[in-house]
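Residue numbering restarts at 1 for every chain, and letters A, B, ... go by the order of the sequence lines. Since this is a predicted model, take the numbers as computed values, not measurements.
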Protein chains: 2
Amino acid sequence: MAQLAGVSQTTVSLVLGGKADDVAISAETRRKVLGAAERLGYVPDPAASRLAAARNNLLGVFSFTATFPTDVQHSYYPFLVGVEQEAAAQGFDLVLFTGSSTGGARAGAHALHRARLADGCLVLGRHAPADQLRRLVDDGFPVVHLGRRDEPEGLAWVGADYVTAARAVVGDLVARGHREVVLVCEDDPVPASTDRERGFHEGLLAAGVPTGPERVHRCADPERDLTPARLRAWLAAGVTAIVVEETDTSAAWRALNTAVSDAGLDCPRDVSLALLGSPPPDHEGPVPTGFDLPRARLGAAAVRALAALVAGGRPDEPLVECAFRPGATVGPPPR
Amino acid sequence: MAQLAGVSQTTVSLVLGGKADDVAISAETRRKVLGAAERLGYVPDPAASRLAAARNNLLGVFSFTATFPTDVQHSYYPFLVGVEQEAAAQGFDLVLFTGSSTGGARAGAHALHRARLADGCLVLGRHAPADQLRRLVDDGFPVVHLGRRDEPEGLAWVGADYVTAARAVVGDLVARGHREVVLVCEDDPVPASTDRERGFHEGLLAAGVPTGPERVHRCADPERDLTPARLRAWLAAGVTAIVVEETDTSAAWRALNTAVSDAGLDCPRDVSLALLGSPPPDHEGPVPTGFDLPRARLGAAAVRALAALVAGGRPDEPLVECAFRPGATVGPPPR
DNA sequence: TTGTATGCGTTATCAA
DNA sequence: TTGATAACGCATACAA
């Protein structure tokens with residue numbers, strides 16, 4: 001390549017690496033190099049440039065569930081929409097590390113290490129092994145986790161602002177006159193869950209409604225737990241609105257809806273329901289009041305954060321705002 | 001690392017590279033190396049090993065429409081499902097080249113050159129520039145195009161067997177007694193379209209029904225063209241079944257369905273309809289008789305072909321079979 | 001403004 | 001059974 005252009009390998013590197021601005025290279029030489037590169041279809045080897053301690057404009061994407069699962073419901077597709085757009089905007093290509101989920105031959109104790117091929121790495125899915133992540137982080141390798149995460153320490157993340165979003169939903173309930181509100185959540189103390197719970201309490205407190213742990217109903221098995229009987233007990237105790245945490249399966253939301261109709265009740269006439277998240281794709285009936293996760297924007301924000309890290313800077317605001325979704329499942333308290 | 005284990009760099013590579021079986025290494029040495037690696041958390045640098053091995057186990061994916069468009073309808077998602085699975089199975093990671101569609105800064109006259117960064121490259125979307133493709137192919141760079149394609153010469157491709165699929169659909173019609181069948185297609189002579197037309201004719205001929213160009217109705221603007229009047233004219237001329245080519249927009253299929261109901265007719269009572277492809281996602285009413293594109297399998301087949309090229313071999317069968325979809329829009333001819 | 005020399009961490013070849 | 005040593009393709013400090 002260098003020979004064909006009639007220049008040294010250094011010059012090629014300078015021109016193609018964009019360092020031509022800093023070092024000053026004659027337009028003539030530049031033209032020669034670019035011309036030759038084009039004719040040959042020459043592109044610097046990313047592994048080589050990586051090895052020589054430069055960057056290769058590659059961002060890795062590691063997902064600990066199939067990136068394109070057959071079951072679209074749990075897919076990262078919506079995130080990737082934003083990831084791709086922002087990566088393109090920032091001049092990065094994406095490396096999809098495959099098979100990290102399938103537990104195949106490549107999913108070893110060091111699967112994450114493959115990420116080092118790229119300049120930095122995005123990690124999706126909360127099943128990413130903390131020890132492997134820690135190693136990357138400790139080595140100063142740029143990693144951004146999609147979703148709030150406390151471990152390992154020092155890991156950068158980008159997540160949805162569940163606290164604010166939940167607060168807004170509860171605020172809406174209180175503004176409509178509800179005072180006795182209950183939170184139903186599944187028993188899985190991940191940040192996404194505890195954040196919503198915090199927002200729930202904050203929303204009530206901000207409106208001057210006293211709250212406490214007694215308002216939170218944690219259930220391991222929503223189907224057996226959220227029965228018509230339980231529902232009637234709540235109503236009898238004065239509860240007028242129920243807030244449900246969204247989970248992968250939406251089990252609690254489904255169970256509660258079933259319980260309402262099985263009890264011969266109507267939502268929102270007899271009881272108001274709010275969903276802290278998006279309804280499942282197969283949801284029927286009125287749109288649940290709640291909030292939507294801005295998945296594409298989250299993906300984009302993650303890429304921006306990662307780009308900042310790669311460039312040697314610090315990512316800024318890790319929280320992305322959720323959009324309040326006015327629905328049809330909340331009304332004034334009965335009577 | 002090597003020093004800490006008290007062995008040479010070579011030995012480390014041998015042990016960690018799994019080549020220990022071929023070369024034979026003392027259990028003692030092996031233990032020392034593994035122990036040291038464990039303590040240090042040492043893992044071979046992928047960039048370095050790739051540089052040395054001259055292969056990087058990366059397959060490029062180039063799409064000339066956004067890979068993750070907001071409009072899911074035209075997305076490559078279903079293909080990527082298969083691509084990811086097969087790539088994982090074959091031990092490849094994927095490089096998604098971004099911005100080739102958006103016409104951004106990176107979508108220049110040489111966007112495709114970036115593909116050389118991988119061991120081979122998959123190209124999706126029929127708008128891939130032929131000249132850039134030719135260059136890659138001429139240079140012996142492994143490229144596989146998803147979808148049949150004749151240009152540039154020598155380009156490997158993997159596509160659906162539209163001929164056989166269309167023949168099967170027409171065969172079903174004839175078997176049910178239809179003799180006067182018409183093909184409606186949009187006016188875009190791409191292989192996917194001409195193949196279906198060929199299958200249409202072959203299906204009729206195979207059943208002993210004479211056919212010819214007069215049976216094919218090409219329309220540039222389905223909405224204005226496929227009117228109730230036209231429909232009645234066909235029926236009056238003895239036509240009992242209409243076969244429609246599927247396109248991106250499904251315009252013809254939609255228009256025809258509208259025409260049927262506007263004419264006060266019933267499908268399949270008064271006329272049978274068949275769709276050479278999948279219905280649009282927003283399709284309502286009875287499932288159209290026709291065939292489905294096995295997108296995931298196509299993606300997988302493309303990866304297999306590419307892997308074969310990368311390994312220096314020749315890809316085998318480029319055609320992937322479509323699945324006949326018995327629907328509810330075909331019945332016996334009226335009267 | 002451009003070329004020379006060196007090193008990045010690994011694999012592969014050959015010698016011991 | 002193991003160890004030197006030479007690529008691999010690039011970036012970078014330094015010399016010209």
Side-chain angles (χ1 to χ4, degrees), chain A residues 1-37 40-58 93 110 113-119 135-136 139-141 310-312, chain B residues 1-37 40-58 91 95 113-119 139 141:
Chain A
M1 158 67 201
Q3 344 215 8
L4 198 143
V7 300
S8 79
Q9 189 264 323
T10 303
T11 309
V12 173
S13 176
L14 250 32
V15 173
L16 264 44
K19 307 285 182 186
D21 308 329
D22 309 338
V23 187
I25 279 204
S26 74
E28 167 73 4
T29 309
R30 188 192 177 77
R31 222 176 20 72
K32 275 197 298 191
V33 173
L34 259 25
L40 294 174
Y42 168 89
V43 166
D45 183 322
S49 48
R50 183 73 222 169
L51 183 57
R55 41 183 298 177
N56 54 21
N57 289 319
L58 251 36
D93 287 320
H110 307 292
H113 195 269
R114 277 189 288 158
R116 291 177 193 264
L117 168 79
D119 287 336
R135 159 128 274 137
L136 287 179
D139 289 355
F141 185 82
V310 167
Chain B
M1 161 67 199
Q3 343 214 7
L4 199 142
V7 300
S8 78
Q9 160 62 217
T10 303
T11 311
V12 173
S13 176
L14 249 33
V15 172
L16 266 42
K19 306 285 182 186
D21 308 329
D22 309 337
V23 187
I25 280 203
S26 76
E28 167 73 4
T29 309
R30 188 194 178 75
R31 221 176 22 71
K32 276 196 297 189
V33 173
L34 258 25
L40 294 174
Y42 168 88
V43 171
D45 182 327
S49 46
R50 274 158 193 184
L51 180 56
R55 265 187 53 171
N56 55 19
N57 289 320
L58 253 33
V95 179
H113 282 177
R114 279 188 289 157
R116 291 174 194 266
L117 154 167
D119 288 340
D139 288 357
F141 184 82

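The CZ atom of B/Arg31 sits 16 Å away from the C1' atom of D/dT1 (whole-angstrom rounding). Between A/Arg50 atom CZ and C/dC8 atom P the separation is 15 Å, expressed in whole Å. Between the P atom of C/dT10 and the CZ atom of B/Arg55 lies a distance of 20 Å, rounded to the nearest Å. Distance A/Asp45 CG to C/dG9 P: 16 Å, rounded to the nearest Å. Atoms CG (A/Leu51) and C1' (D/dC8) sit 9 Å apart, rounded to a whole Å. The CZ-P distance, from B/Arg116 to D/dG9, rounds to 14 Å in whole Å. Atoms CG (B/Asn56) and C1' (C/dT10) sit 14 Å apart, rounded to a whole Å.
Closest heavy-atom contact between A/Arg50 and A/Leu117: CD-O, 3.4 Å. For A/Ser49 against A/Pro46, the heavy-atom pair with the smallest separation is OG-O, 3.1 Å. Here the closest non-hydrogen pair linking A/Ala47 and B/Ala47 is CB-O, 3.5 Å.
In terms of the side chain to side chain contact (heavy atoms under 4.5 Å, CB included) criterion, residue partners of A/Leu51 (sequence neighbours excluded) are, by chain and number, B/Ala48, B/Leu51. Contacts of A/Arg116 classified as side chain to side chain donor-acceptor pair (under 3.5 Å), with partners at least two apart in sequence or in another chain: A/His113, A/Asp139. Remark: A/Arg55 pairs with A/Asn57, A/Phe92, A/Asp119, A/Val310 by the side chain to side chain contact (heavy atoms under 4.5 Å, CB included) rule, at least two apart or across chains.
One finds no side-chain N or O of A/Thr11 lying less than 4.0 angstrom from the OP1 or OP2 phosphate oxygen of C/dT1. Within the structure, a side-chain polar atom (N or O) of A/Ser8 is placed less than 4.0 Å from OP1 or OP2 of C/dG3. The shortest distance between the side-chain N/O atoms of B/Ser26 and the OP1/OP2 oxygens of D/dT2 is below 4.0 Å.
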Only pairs under 3.5 Å count here: list side-chain donor-acceptor contacts from residues 5-14 of chain B, not counting sequence neighbours, and write none if there are none.
{"residue": "B/Ser8", "atom": "OG", "partner": "B/Thr10", "partner atom": "N", "Å": "3.3"}
{"residue": "B/Ser8", "atom": "OG", "partner": "B/Thr11", "partner atom": "N", "Å": "3.2"}
{"residue": "B/Ser8", "atom": "OG", "partner": "B/Thr11", "partner atom": "OG1", "Å": "3.0"}

Listing time: all N or O pairs from protein to nucleotides 12-16 of chain D that are below 3.5 Å?
{"residue": "D/dT12", "atom": "O4", "partner": "A/Thr10", "partner atom": "OG1", "Å": "3.2"}

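Comparing the helix axis at one end of the helix from C/dT1-D/dA16 to C/dA16-D/dT1 with that at the other, each defined from 5 consecutive pairs, gives an inter-axis angle of 40° (nearest 10°).
With contacts defined as side-chain heavy-atom distances shorter than 4.5 Å, the pair A/Val43/A/Leu16 does not qualify.
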